[in-house]
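Remember, it's 1-based here, ligands and their atoms both numbered in the order they're listed.
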Amino acid sequence: MRSRILVLISGSGTNLEALLHSLPNSRIAADVVAVGSDQEAAGLQHAHQRGIPTFVLGFEKGMNREAWARDLGDAMDTFTPDLIVLSGFMRLLPPSLLARFESRIINTHPSFLPEFPGAHAVRDALDAKVVETGASVIVVDAGVDTGEILAQSRVSVFPGDTEESLHDRIKILERQLLLEVLTTLIPTP
Ligand code: GAR
């Protein structure tokens, strides 16, 4: 039986697009069955183009986080996912939601964790003037990028790198790492 992957995004979804392209050409017995977001993210178009269902659970200032997470969990459950991939999903998930999906939520992150956790990992690496940063795939826990590291790899920072040029190189690694992790996590039928 093929595994059901649900992806959550917040932004442009270039990693999602790469996954949607490479998964059907891989030996990984899984399909992306739905894509969710916390806002009307541009990246949802990659799902629309392939006829993959999408949903948006917007989080507005002053909203009750637990109620939002419950609604998000309900929307996710509709698709009975075996695995949830946070791919540029920029919102912390409360413990109640993590408990609901146990250890089935993984996250890609643009740094060599535990270096540079948080929402500005690439900018933080440039500001710190490191010569190397990296990419990681982790299990999501209640902390900020503190979960178990499933795979990670290094990338050099070049003189003259901008946040965009460095991030683009890191994303190439993230995409490879995610496929490696999916290969190990998804059972072969
Ligand atoms: C990716 O680099 C992802 O790792 C990062 O957002 C980017 C999304 O790019 N996520 C985080 O920083 C989470 N802390 P994309 O929208 O082009 O796929």
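Under a cut-off of 6.0 angstrom, the local environment of NE2 in H48 is crowded, with over 12 non-hydrogen atoms contributed by other residues, nucleotides or ligands.
Using a 4.0 Å cut-off between a side-chain N of Lys or Arg and a carboxylate O of Asp or Glu, D74 and R100 qualify as a salt bridge.
Taking all atoms of both residues into account, the shortest heavy-atom contact from V35 to A47 is CG2-CB, 3.8 Å.
Side-chain N or O atoms of D31 include none that pairs as donor or acceptor with a backbone N or O of V33 at under 3.5 Å. For the pair R104 (side chain) and L83 (backbone), a donor-acceptor distance under 3.5 Å is absent.
Below 30°, between 30° and 60°, or above 60°: for F79 and F55 the angle between ring planes is below 30°, a parallel geometry.
A heavy-atom cutoff of 4.0 Å around ligand 1 is satisfied by the protein residues S12, G13, T14, N15, G88, M90, T108, H109, P110, G118, H167, K171, E174.
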